[in-house]
Amino acid sequence: MKIAISSDHGGNNLRQEIMQLLEELGLSYEDFGPKNDDSVDFPDFAMPVAEGVANGHFDRGILICGTGIGMSIAANKVKGIRCALVHDVFSAKATRNHNDSNIIAMGERVIGAGHAREIVSTWLAQDFEGGRHKRRVEKITEIENA
C-alpha cells in the first residue's frame, strides 16, 4: 500500500507523528509537506494528495490541518475522492467498510497524537465491505459524474 500524506501549518506536528507510524508499519509513503511551520494555504497541500490518489499513483491519502475540515472540503472537490473527516476509531473503521473512503482528514487541534495513530492504524487495516454499501458508493459516483 502506498500512502500520500500532507498537512498545512496547523497539522505539521501531527503529520510528523503519522509519518513515524507509517514507517513503523512498514508502509511506503510520500510526504507533500509543508517543510516548516510557516503559514500556508491548505488547498495547495490537499490537492497533490487528492490528485495522486484519484489518478491511482497512491492507494490512500492522509490530510491534516488544524481541524481537518478545510483539507477534507478541498480534497472532496477532486473527482473520485471520498475523503472522510475522522476523529474517532469507530468512524475510521466505518468509513472504510461502508464508504470506501480513500483519504482521511484529521485535525491536530482536535485530537492528540496517540488517538490519531490509533485512527490511522484502524483505517489502514480496513477493507471496503461492498454488498449494499457498493450500491451507495456507486450512487455517489453517479452524482459526481452528472
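The analysis underlying the following values was restricted to heavy atoms, covering all of them including side chains, and did not include hydrogens, waters or symmetry mates.
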Original post:
Do side-chain atoms of Asp127 reach the backbone of Asn97 as a donor and acceptor pair under 3.5 angstrom?
Top reply: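 Judged by distance alone, no pair lies under 3.5 Å.
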Original post:
Is Asn99 reaching over with its side chain to a backbone N or O of Ser101, donor-acceptor style, under 3.5 angstrom?
Top reply: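 It does not hold such a pair.
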Taking C-beta and beyond as the side chain, do [X] and [Y] meet within less than 4.5 Å on heavy atoms?
| X | Y | value |
| --- | --- | --- |
| Met106 | Leu63 | no |
| Ile3 | Met1 | yes |
| Asp59 | Val53 | no |
| Glu23 | Tyr29 | yes |
| Leu25 | Leu21 | yes |

Grab the two heavy atoms, one from [X] and one from [Y], that are nearest each other, plus how far apart they are.
| X | Y | value |
| --- | --- | --- |
| Val78 | Ala54 | CG1-CB, 3.7 Å |
| Asp31 | Gly33 | OD1-N, 2.9 Å |
| Ile62 | Val49 | N-CG1, 4.3 Å |
| Gly107 | His87 | N-NE2, 2.9 Å |
| Lys79 | Asn145 | CE-OD1, 2.6 Å |
| Leu14 | Ala116 | CD1-CB, 3.5 Å |

Report whether [X] and [Y] are members of the same hydrophobic cluster (ILVMFWY, side-chain heavy atoms less than 4.5 Å apart, transitive linking).
| X | Y | value |
| --- | --- | --- |
| Ile104 | Leu22 | yes |
| Ile69 | Ile5 | no |
| Ile64 | Trp123 | yes |
| Ile81 | Ile73 | no |
| Met71 | Ile18 | no |

Original post:
Pick from Gln16, Arg15, Glu108: which one makes a side chain to side chain donor-acceptor pair (under 3.5 Å) with Ser7?
Top reply: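 Result for side chain to side chain donor-acceptor pair (under 3.5 Å) with Ser7: Arg15.
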**OP:** Please check if atom NZ in Lys2 has more than 12 non-hydrogen atoms from other residues, nucleotides or ligands closer than 6.0 Å.
**Re:**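 Atom NZ in Lys2 is crowded, with more than 12 foreign heavy atoms closer than 6.0 Å.
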Original post:
More than 12 heavy atoms of other residues, nucleotides or ligands under 6.0 Å from NZ of Lys139: is that the case?
Top reply: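 For Lys139, atom NZ is not crowded (no more than 12 foreign heavy atoms under 6.0 Å).
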**OP:** Under the side chain to side chain contact (heavy atoms under 4.5 Å, CB included) rule, what do Ile103 and Arg60 come out as? Steps first, then yes or no, please.
**Re:** CA-CA 6 Å; Ile103 298 179; Arg60 298 199 200 159; over 6 Å; no
Original post:
Rounded to the nearest 0.5 Å, how far apart are CG of Asn36 and CG of Asn12?
Top reply: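 Asn36 atom CG to Asn12 atom CG measures 7.5 Å (nearest 0.5 Å).
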Original post:
In Å, rounded to the nearest 0.5 Å, how long is the span from CE of Met47 to NZ of Lys77?
Top reply: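 So the gap between those two atoms works out to 9.5 Å.
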Original post:
Does a salt bridge link Lys134 with Asp100, judged by any charged N lying under 4.0 Å from a carboxylate O?
Top reply: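 Salt bridge flag = no for Asp100 with Lys134.
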Original post:
Is the closest basic N to carboxylate O distance between Glu24 and Arg117 below 4.0 Å?
Top reply: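 Judged by the 4.0 Å cut-off on N to carboxylate O distance, Glu24 and Arg117 do form a salt bridge.
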**OP:** Report the relative orientation of the aromatic rings in Phe58 and Phe32; use parallel for angles under 30°, tilted for 30 to 60°, perpendicular for over 60°.
**Re:**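 Perpendicular.
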Subject >> side chain to side chain contact (heavy atoms under 4.5 Å, CB included) evaluation trace for His9 with Phe42 >> reply: CA-CA 8 Å; His9 56 282; Phe42 63 81; over 6 Å; no
Subject >> Full working for side chain to side chain contact (heavy atoms under 4.5 Å, CB included) between Asp41 and Asp8 >> reply: CA-CA 7 Å; Asp41 296 333; Asp8 69 358; over 6 Å; no
Subject >> Residue pair Ile140, Arg136: steps toward the side chain to side chain contact (heavy atoms under 4.5 Å, CB included) verdict >> reply: CA-CA 7 Å; Ile140 293 169; Arg136 295 165 184 161; 5.9 Å; no
